[in-house]
Number of protein chains: 2
Amino acid sequence: MTTRGIVTLRGESELVRRAGALLDGARREFLCAAGGPETWSAAVRNIRRRPVPGLSVRKLYGPGVFDEAGGPELLARLAEADVEIRISPAPPAHEAIVVDRRFAVLAAPRSAAGEPRTYSIVQQPDVVAGVRALFETVWETATDLATYCRAPFPHLDEAERAVLRSLAAGHTDETASRLLGVSLRTYRRRVAALMTALGARSRFQAGLRAREILGRHPDA
Amino acid sequence: MTTRGIVTLRGESELVRRAGALLDGARREFLCAAGGPETWSAAVRNIRRRPVPGLSVRKLYGPGVFDEAGGPELLARLAEADVEIRISPAPPAHEAIVVDRRFAVLAAPRSAAGEPRTYSIVQQPDVVAGVRALFETVWETATDLATYCRAPFPHLDEAERAVLRSLAAGHTDETASRLLGVSLRTYRRRVAALMTALGARSRFQAGLRAREILGRHPDA
DNA sequence: GTCGTCATGGCACCAAGCTGCCATCCGTTG
DNA sequence: CAACGGATGGCAGCTTGGTGCCATGACGAC
């Protein structure tokens with residue numbers, strides 16, 4: 001049995017001061033998961049500005065990035081800088097960074113007002129590998145930014161979700177409309193509206209997009 | 001800045017001996033991510049046998065569980081024991097356990113023959129929360145076992161994936177068949193076969209299922 | 001060679017889905 | 001009250017999808 005340490009830093013300023021060089025030293029891989037653009041303040045975001053040849057940078061966001069101030073701008077800048085970006089319907093609640101499979105930075109939840117947020121840096125190989133593996137798994141099921149931009153996750157109201165559930169259940173329009181207690185015509189109108197909202201040209205595409213939006217549990 | 005430790009154990013026997021009681025002490029939540037059933041040997045799996053009232057147990061596997069020996073049996077046993085199970089198309093490459101939001105166990109990759117595998121136990125709150133958040137994100141996009149059992153991810157050959165891509169692209173059957181260089185009749189036949197393989201009753205359902213199987217990148 | 005099997009493609013027909021048009025029934029506004 | 005916008009439902013007609021039937025051609029087994 002061996003023991004190795006975790007370094008916990010208090011506040012972003014300390015993070016930048018003490019880990020900035022570390023983050024900036026990424027050579028092969030830089031993975032970052034966050035809910036929105038505000039996650040790492042400008043100070044943190046500004047480290048790692050210079051492009052590094054051979055460095056693969058991947059950022060994972062929630063659908064909220066676009067809603068927050070500065071989100072679209074940030075994404076545009078990142079996309080230009082050869083950063084791979086994907087959107088996950090369920091954003092990670094805590095931010096995480098993994099660099100070169102060597103270390104991981106994990107952010108604590110936003111703390112009470114005034115209290116500085118803490119950031120923990122791990123170097124232990126099993127832990128870094130474990131965090132990285134989870135990141136990869138989420139990455140695999142997330143949507144590429146370009147795809148997302150073509151048709152961002154729309155906000156669906158309850159009626160629209162009901163239609164979606166009917167479709168997911170595999171009913172014909174006939175039975176689905178009866179189950180929902182509306183006419184066939186209305187049901188079809190709603191399906192059409194839904195497909196427009198999803199930016200889908202076929203019901204198959206609508207199915208694809210629906211799964212992205214709802215996660216895998218449209219019946220929930 | 002503070003430092004807190006990680007405990008690394010060598011081999012499952014040491015894990016069971018030293019962390020068995022810890023794992024067994026789960027009171028509220030027990031999360032486990034693994035590629036297949038062989039992940040934790042019988043010794044590890046046997047701890048935590050007694051049902052604990054109020055304890056929520058969630059297990060996340062890859063599609064490989066069913067292929068490995070003992071997989072279906074294990075799942076059947078777990079399902080009976082009120083364990084929530086979901087299947088992710090991209091299984092986590094490293095196993096992870098999070099207990100009561102208090103600590104996480106992360107397994108190293110399978111080591112060379114003879115070498116005991118190592119397991120690292122973390123208690124630092126930020127790290128545990130970070131690992132847990134990533135688990136949750138994967139969980140959200142994974143498929144419930146019951147759903148999966150109704151139609152497990154089939155193995156698709158290249159022709160079938162080509163059809164799938166066409167559908168995902170939103171082409172009509174007419175254009176899709178031309179693009180694939182086959183007749184309309186043949187294309188439709190293939191779509192029908194695909195839907196059967198996917199266990200889908202409508203193209204919408206096929207879309208849902210397709211996304212589950214391919215992750216979110218059918219075009220790749 | 002002759003089978004049998006299998007994937008293909010053409011044809012036809014039916015079922016399902018899509019949508020334009022119009023009438024109706026709200027609830028709101030003036 | 002009338003006027004309006006918005007959601008609804010019925011109808012009709014067109015497009016798309018789904019499938020049974022049969023003919024053809026490729027391939028391997030016999």
Side-chain angles (χ1 to χ4, degrees), chain A residues 147 150-214 216-219, chain B residues 147 150-214 216-219:
Chain A
T147 307
R150 261 180 267 131
F153 305 157
H155 308 293
L156 304 178
D157 63 25
E158 187 38 43
E160 290 174 303
R161 284 173 189 260
V163 173
L164 227 142
R165 281 193 296 271
S166 300
L167 287 169
H171 299 306
T172 63
D173 291 10
E174 232 282 305
T175 54
S177 63
R178 255 188 293 113
L179 290 174
L180 292 181
V182 299
S183 77
L184 182 62
R185 183 67 186 87
T186 300
Y187 179 76
R188 293 227 168 113
R189 223 194 303 265
R190 290 190 183 169
V191 172
L194 190 63
M195 304 233 311
T196 305
L198 294 173
R201 285 190 302 188
S202 66
R203 290 202 178 191
F204 184 90
Q205 274 193 325
L208 292 178
R209 301 275 313 147
R211 194 57 109 199
E212 291 180 3
I213 292 166
L214 300 181
R216 311 245 160 136
H217 309 279
D219 15 272
Chain B
T147 308
R150 259 180 268 133
F153 305 157
H155 306 295
L156 304 178
D157 62 26
E158 187 38 42
E160 289 175 302
R161 283 172 187 263
V163 173
L164 226 140
R165 280 193 296 272
S166 300
L167 287 169
H171 300 306
T172 64
D173 291 10
E174 233 281 307
T175 54
S177 63
R178 253 187 295 114
L179 290 173
L180 290 181
V182 300
S183 76
L184 181 62
R185 182 69 188 89
T186 300
Y187 180 75
R188 292 219 170 123
R189 223 196 302 265
R190 289 187 184 171
V191 172
L194 190 62
M195 304 235 309
T196 304
L198 294 174
R201 284 191 303 188
S202 66
R203 289 202 180 190
F204 184 91
Q205 276 194 325
L208 291 178
R209 301 275 313 147
R211 196 57 109 198
E212 291 182 1
I213 293 167
L214 299 182
R216 312 242 160 138
H217 308 280
D219 15 271

| query | Which pair of non-hydrogen atoms, one from B:M195 and one from B:A206, has the smallest distance, and what is that distance? | reply |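 Answer, listing the atom of B:M195 first, then B:A206: SD-CB, 3.9 Å.
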Drop me the distance from [X]'s [atom1] to [Y]'s [atom2], to the nearest 0.5 angstrom.
X: A:H171; Y: B:Q205; atom1: NE2; atom2: CD; value: 9.0 Å
X: B:R185; Y: B:R189; atom1: CZ; atom2: CZ; value: 4.5 Å
X: A:L167; Y: A:L194; atom1: CG; atom2: CG; value: 6.5 Å
X: A:R211; Y: B:L208; atom1: CZ; atom2: CG; value: 4.5 Å

Can you find a pair of side-chain heavy atoms, one from [X] and one from [Y], that are under 4.5 Å apart?
X: A:L179; Y: A:S166; result: no
X: A:T175; Y: A:R178; result: yes
X: A:L164; Y: B:F204; result: yes
X: B:L184; Y: B:R188; result: yes

Between [N] atom [atom2] and [X] atom [atom1], what is the distance in whole Å?
X: A:M195; N: C:dA16; atom1: CE; atom2: C1'; result: 13 Å
X: B:E160; N: C:dA7; atom1: CD; atom2: C1'; result: 14 Å
X: A:F204; N: C:dG17; atom1: CZ; atom2: C1'; result: 17 Å
X: B:R203; N: C:dC18; atom1: CZ; atom2: P; result: 10 Å

| query | Which is the 5'-most and which the 3'-most nucleotide of DNA chain D that has an atom under 4.0 Å from a heavy atom of chain A? | reply |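 Terminal contacting nucleotides, 5' to 3': D:dT8 to D:dC11.
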List, with names and distances, any nitrogen or oxygen atoms from the protein found under 3.5 Å away from nitrogen or oxygen atoms belonging to nucleotides 9-13 of chain C.
| from | atom 1 | to | atom 2 | distance (Å) |
| --- | --- | --- | --- | --- |
| C:dG9 | OP2 | B:S183 | N | 3.1 |
| C:dG9 | OP2 | B:T186 | OG1 | 2.9 |
| C:dG9 | N7 | B:R189 | NH2 | 2.5 |
| C:dG9 | O6 | B:R189 | NH2 | 3.3 |
| C:dG10 | O6 | B:R185 | NE | 3.2 |

| field | Bracket string, DNA chain C, 5' to 3' - pairs by Watson-Crick or G-U geometry under 3.5 Å, | interstrand | value | ||||||||||||||||||||||||||||||
| task | Look only at the side chain of A:R201 and the backbone of B:A169, and say whether a donor-acceptor pair between them is shorter than 3.5 Å. | result |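 Checked: pair present.
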